[in-house]
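Down below is the structure, laid out as structure tokens.
The chain is numbered in sequence order, starting from 1. Remember, predicted model here, so these are calculated numbers, not experimental data. Atom set for the values below is all heavy atoms of this structure, side chains included, hydrogens, waters and symmetry mates excluded.
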Amino acid sequence: MSPSRDDQVPRWRIEGSASIDVPAGGPVLPRRSSLWILVRSGSIGLGCGCAQLELEAGDAAYLHRARLHRITALTDARVDLADLRRVQAGGSDRPLVVRGFADRQSGVVSLLSQCPVTPQLRISRPGVADAYGDLLGSAMLSESPVAGLPRPDAVVRTVAALLEDSPHRPWTLAELAAAAHVGTTALVDRFRRETGLAPMQYLRRVRIERAMDELHRGDRPVAAIARDAGYGSAEAFVRAFRALTGSTPGRWRQSARGRTRMEAYPMTASPANTAPRAMVAAGPR
């Protein structure tokens with residue numbers, strides 16, 4: 001049986017949204033594998049490797065593999081962010097960039113601004129994440145996205161997909177290089193050029209970010225979360241968590257309670273140091 005027309009239409013979901021301020025030179029660090037961003041004021045640079053595209057006030061972008069794109073404020077900027085992801089296949093996974101999105105889709109932008117997607121909203125309106133996601137995703141697709149933003153390196157995309165699909169696996173650098181059909185040195189060099197991180201640093205970040213999801217939404221024991229994240233012991237997990245966030249899992253869970261997901265998760269880092277250890281919290285205002 002051939003798929004119906006509806007089955008071929010992309011479907012989207014928003015897990016959370018917020019507005020944040022980013023100082024000039026400061027990066028925005030996605031918390032999921034995909035991200036939607038709208039520049040409210042100022043300007044940001046968006047790209048991978050050596051290529052960069054400048055987005056100005058009113059411009060929007062959707063990044064399917066968001067962690068592979070460097071997002072940096074070129075001036076002091078205010079941006080809207082949404083954890084937008086595609087939940088049903090359809091269309092291309094190329095980055096989407098729409099100039100003047102805020103003017104073209106003022107109603108969608110106003111809705112997200114006045115009624116951001118928070119855990120409380122998702123509980124009281126169970127279908128809101130899907131409805132908001134379909135609205136925003138369809139709006140981006142309908143605006144004839146601008147070409148010009150290159151896809152990340154194919155080798156890096158391949159390895160990133162493996163790490164994001166199975167972060168619990170005990171990956172080694174040699175296994176990842178073999179899967180991408182390159183040497184270990186070439187893999188590290190290409191990964192650093194695209195993301196600023198070595199592959200194993202990227203894996204640690206994916207693992208910890210997923211653990212943060214678990215800590216924020218439930219009361220599972222830290223040891224169980226550590227095991228599911230791919231750590232052989234709770235002690236190793238706590239060390240990795242502290243290195244990335246500056247806090248232990250238990251303290252982070254306590255401080256995150258009562259805040260929205262986007263508030264609880266750091267989205268910007270110090271411009272002086274973009275390594276994971278330098279991440280600092282920045283929530284909606």
Side-chain angles (χ1 to χ4, degrees), residues 3-22 27-49 51-75 77-117 121 127-152 157 262 267 284:
S4 68
R5 187 177 183 85
D6 287 345
D7 290 337
Q8 299 175 20
V9 176
R11 301 301 302 273
W12 309 77
R13 175 174 297 146
I14 291 181
E15 303 290 345
S17 63
S19 294
I20 65 170
D21 294 313
V22 188
V28 174
L29 304 174
R31 292 297 104 195
R32 286 187 182 272
S33 60
S34 57
L35 176 74
W36 177 81
I37 182 168
L38 169 71
V39 182
R40 287 287 194 170
S41 63
S43 61
I44 65 171
L46 178 64
C48 53
Q52 181 172 266
L53 186 68
E54 182 174 348
L55 301 186
E56 300 177 341
D59 297 342
Y62 167 73
L63 306 175
H64 178 63
R65 292 286 181 190
R67 295 189 186 97
L68 301 187
H69 295 269
R70 300 190 188 190
I71 310 170
T72 307
L74 302 178
T75 65
R78 185 168 182 79
V79 297
D80 288 353
L81 303 170
D83 282 334
L84 177 69
R85 65 187 181 95
R86 201 168 55 218
V87 295
Q88 181 172 308
S92 170
D93 65 356
R94 290 187 67 86
L96 307 178
V97 177
V98 178
R99 300 290 189 188
F101 183 86
D103 291 332
R104 296 184 180 187
Q105 295 287 343
S106 58
V108 175
V109 172
S110 179
L111 177 63
L112 280 172
S113 177
Q114 296 179 30
C115 193
V117 179
L121 180 62
V128 72
D130 292 337
Y132 269 49
D134 283 341
L135 183 65
L136 182 55
S138 297
M140 288 292 293
L141 289 173
S142 71
E143 291 298 341
S144 300
V146 175
L149 184 64
R151 297 179 73 181
R157 289 204 317 271
M262 298 289 280
M267 298 296 291

Show the nearest heavy-atom pair for residues [X] and [Y], with the distance to one decimal.
| X | Y | value |
| --- | --- | --- |
| Arg99 | Arg104 | O-NE, 3.6 Å |
| Trp12 | Leu141 | CZ2-CD1, 3.8 Å |
| Ala82 | Leu35 | O-CD1, 3.5 Å |
| Ile44 | Ala77 | CG2-CB, 4.2 Å |
| Leu46 | Ala61 | CD2-CB, 3.7 Å |
| Val39 | Val79 | CA-CG1, 4.2 Å |

Residues in ring-ring contact (aromatic ring centres under 6.0 Å, His included) with Tyr132, at least two apart?
none

Taking the side chain from [X] and the backbone from [Y], do they hold a donor-acceptor pair closer than 3.5 Å?
| X | Y | value |
| --- | --- | --- |
| Ser113 | Val109 | no |
| Asp130 | Arg13 | no |
| Thr75 | Ser43 | yes |
| Asp21 | Arg78 | no |
| Ser17 | Val117 | yes |

Quick one: list whatever passes side chain to side chain contact (heavy atoms under 4.5 Å, CB included) with Asp80, sequence neighbours left out.
Ser19, Trp36, Leu38, Arg40

Enter the distance from [X]:[atom1] to [Y]:[atom2] here, rounded to the nearest 0.5 Å.
| X | Y | atom1 | atom2 | value |
| --- | --- | --- | --- | --- |
| Asp59 | Ile37 | CG | CD1 | 11.0 Å |
| Ser41 | Glu56 | OG | CD | 12.0 Å |
| Ser138 | Arg11 | OG | CZ | 8.5 Å |

Are any of the side-chain heavy atoms of [X] and [Y] separated by less than 4.5 Å?
| X | Y | result |
| --- | --- | --- |
| Ile14 | Leu112 | yes |
| Phe101 | Leu96 | no |
| Leu111 | Leu135 | yes |
| Val108 | Leu136 | yes |

